[in-house]
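Taking it in order: structure first as C-alpha cells, then the write-up.
Just so it is clear, the model here is predicted, and its values are computed rather than measured.
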Amino acid sequence: MDNQDNGSPGKPDTLALPAEPGRQHPQWWMALQSALFAYGLTVGAALVTMALLVLGFFLGGTGALNGMNDSAGTMGVRLDGPSALLIYPFFLAAMALGGTPVLTISAAGFADFPAPLVSLWFGALPLLLSAVAVTSLWRLGRRTERREPLGSEWHRWLYSALTGLGLAAVSVLLSLLVSLREDTEAGAMFLTAASPSLVAGAVLVGTLATWAGRKNGTGSAPRWIARIEQSLPGIRTGVRVAGGHYLAYTAVAGTVLLVTGLVKGGVALAFASPLWLPTAAGWTYGLGHLSAVGESGLPAAANLPGSIGDLPVWASAAAGVLTLLLAAAASVAWYLARDRSPGVLARFPSWLTLPVAFACAGAAVSVLGLLVSGQTFSGGGRGPAFGTAGPVPWTFLVMAAWGLLIEAGARTMAGHVAHLVPPRISRMLTGQTVN
C-alpha cells in the first residue's frame with residue numbers, strides 16, 4: 001500500500017489536507033471592531049462635510065473666509081489650512097454622537113468675564129452625521145450576527161454594550177487628542193469635544209443601534225414589538241407611513257430652504273447645508289403642522305420664527321398647501337397599506353395606531369432638533385446659565401392630532417381616490433411583489 005502509515009512523514013504532494021474553516025474572531029473583538037469602523041465612517045463623513053464647508057467659504061469670497069478664520073483664529077487654527085480638515089471633523093463626529101464642544105476660559109486677565117474660570121458649551125446634532133453613525137452600527141451589528149449568531153438575548157445585549165463602550169472610549173480619546181489650547185498673557189483657552197454628554201451619547205447610540213442590527217440579523221422581532229402590535233394593530237406599517245410622510249415633507253421644505261439660503265446667504269451657507277439643513281427642515285415640519293419653535297434663554301435664537309404666522313405670507317400659504325396635500329397622500333397610503341378587514345377596523349385601538357406613530361415622529365423632531373447652550377462660572381458668585389431652542393415639547397400632541405385626522409381621511413375619502421394611485425406604488429404599499 002502506497003499510503004501505509006509507517007511512522008515517517010508523508011510526502012507533501014500525497015497528503016489530503018482538510019478544508020480549513022473560515023477564520024473566526026472572538027466576539028469581543030468583533031464588537032470593538034464595529035465601534036472602530038462606525039467611528040471611522042462618521043469621521044470620514046465629517047471630513048467630507050468640512051471640505052464642503054471650506055470650499056463654500058472659498059467660493060463665497062475672501063470676506064466670508066476671513067470672517068470664519070477670525071472666529072477660529074483665537075484657537076490658532078485656520079479654516080483654509082490642513083489643520084481644520086484634520087481637527088474639526090473630530091469635533092463634528094463627537095457632536096454627531098451627542099457630544100457638546102466646551103470652551104473653557106481662564107479669565108484672570110479678562111476684565112469682561114464675571115468669573116476667574118468660565119466654561120461655554122453648545123450642543124446640536126449634525127443629523128446627517130448622526131445618521132451615518134447609526135446606520136453603520138446597525139449594519140455592522142446585523143452582519144456580525146449573521147456571520148456568527150449568538151445563542152441568547154443576554155449575549156446580544158452584552159456585546160452590543162461592549163460596542164457602545166468601545167465607541168465612547170475611542171471618541172473621547174481622539175477628542176482629547178485633537179483638543180485645542182492657547183495660552184496668552186491674559187489667560188488660557190481650552191476647546192474640546194470630550195464631554196460627559198459624549199460618553200453618554202456614544203454608549204447609548206452604540207448599544208441600541210448595534211443591538212437593533214443584531215436583532216434584525218436573527219430574523220425575528222423583539223417580543224415587546226409583538227405585544228405592541230397586539231394592542232395597536234399595524235403599528236409597524238403606521239410607523240413607515242409616518243416616516244414616509246416626514247421624509248416627503250422635509251424633502252420639499254428642505255429644497256425651498258436650500259434655495260433660500262443660497263439666494264440670501266450665498267454659496268458659503270449653501271455648502272454648509274449638511275450641518276444645518278436637516279435640523280431646519282425638521283423645524284419647518286413642526287411649524288407647517290401648526291406646532292411652534294420655542295426659545296428659552298438663548299438670545300441668539302430670539303429672532304427665529306416661532307409659528308407659521310411669523311413666516312412671510314407666501315411661505316405660510318405654501319406650507320399650508322403642502323401640509324394638506326401630504327396629509328391627503330398619507331391618508332391614501334395608510335388606506336392601501338393597512339389591514340382593512342372589518343374585524344380590525346371595528347376595534348377602537350385601530351383608531352389609535354396612526355396617532356401614536358405620528359406622535360412618535362413629533363417627539364423625535366422635538367428631541368433631535370433641539371439646540372442647547374450653557375455657561376458655567378467658577379468663583380464668580382453666579383450660577384450656571386442654560387438656554388434651548390427648537391420645536392416645543394408638545395409637538396408630539398400636535399402630530400398625534402394630525403395622525404387622527406389622517407386616520408379619519410383614510411376611512412372616509414381615501415377609498416374613493418385610491419384607484420388613481422399608480423399600480424406599481426399601490427402594489428408596493430400593499431406589500432405585493434413589484435415586477
- Looking at Thr163, Leu140, Thr144, Val205, which hits side-chain contact (heavy atoms from CB on, under 4.5 Å) with Thr210? Thr163

- Parallel, tilted or perpendicular: ring planes of His289 versus Tyr285, cut at 30 and 60 degrees: tilted

- Item | Which atom of Leu53 lies closest to which atom of Ala272, heavy atoms considered | CD1-CB, 3.5 Å

- Query: So which heavy atom on Pro89 is nearest to which on Ala46, and how close?
  - Reply: O-CB, 3.4 Å

- Taking the side chain as every heavy atom from C-beta outward, state whether Ser366 and Pro391 have any atom pair closer than 4.5 Å. yes

- Message: With a 4.5 Å cut-off on side-chain heavy atoms, are Thr192 and Leu176 touching?
- Response: yes

- Would you please indicate if the ring centroids of Phe91 and Tyr88 are separated by under 6.0 Å? yes

- Message: Please determine whether a side-chain nitrogen of the Lys or Arg among Glu407 and Arg338 lies less than 4.0 Å from a carboxylate oxygen of the Asp or Glu.
- Response: yes

- Query: Going by heavy atoms in the side chains, are Ile406 and Leu404 under 4.5 Å from each other?
  - Reply: no

- Would one find more than 12 heavy atoms of other residues, nucleotides or ligands at under 6.0 Å from atom CZ of Arg156? yes

- Message: Any non-hydrogen side-chain atom of Ser119 less than 4.5 Å from a side-chain atom of Leu103?
- Response: no

- For Thr250 and Gly282, which heavy atoms make the closest approach, and how far apart are they? CG2-N, 4.4 Å

- Message: Would Arg340 pass as a cation-pi partner of Tyr335, given that its NZ or CZ must be under 6.0 Å from the six-membered ring centre and within 45 degrees of the axis?
- Response: yes

- Item | Arg411 to Trp351, cation-pi by 6.0 Å centre distance and 45° axis angle | yes

- Query: So do Asp339 and Pro233 actually touch side chain to side chain, heavy atoms under 4.5 Å?
  - Reply: no

- Message: Less than 4.5 Å apart, side chain to side chain, heavy atoms only: is that true for Leu137 and Leu167?
- Response: yes

- Task: Kindly state each residue pair satisfying salt bridge (charged side-chain N to carboxylate O under 4.0 Å, His left out) with at least one member in residues 224-237, sequence neighbours excluded.
- Result: Glu229-Arg236

- Looking at Glu145 and Lys215, does any basic side-chain N land under 4.0 Å from a carboxylate oxygen? no

- Message: With heavy-atom distances below 4.5 Å as the criterion, would you say the side chains of Trp211 and Trp138 are in contact?
- Response: no

- Can you check whether Gly309's main-chain N or O pairs, donor with acceptor, with Ser316's side chain at less than 3.5 Å? no

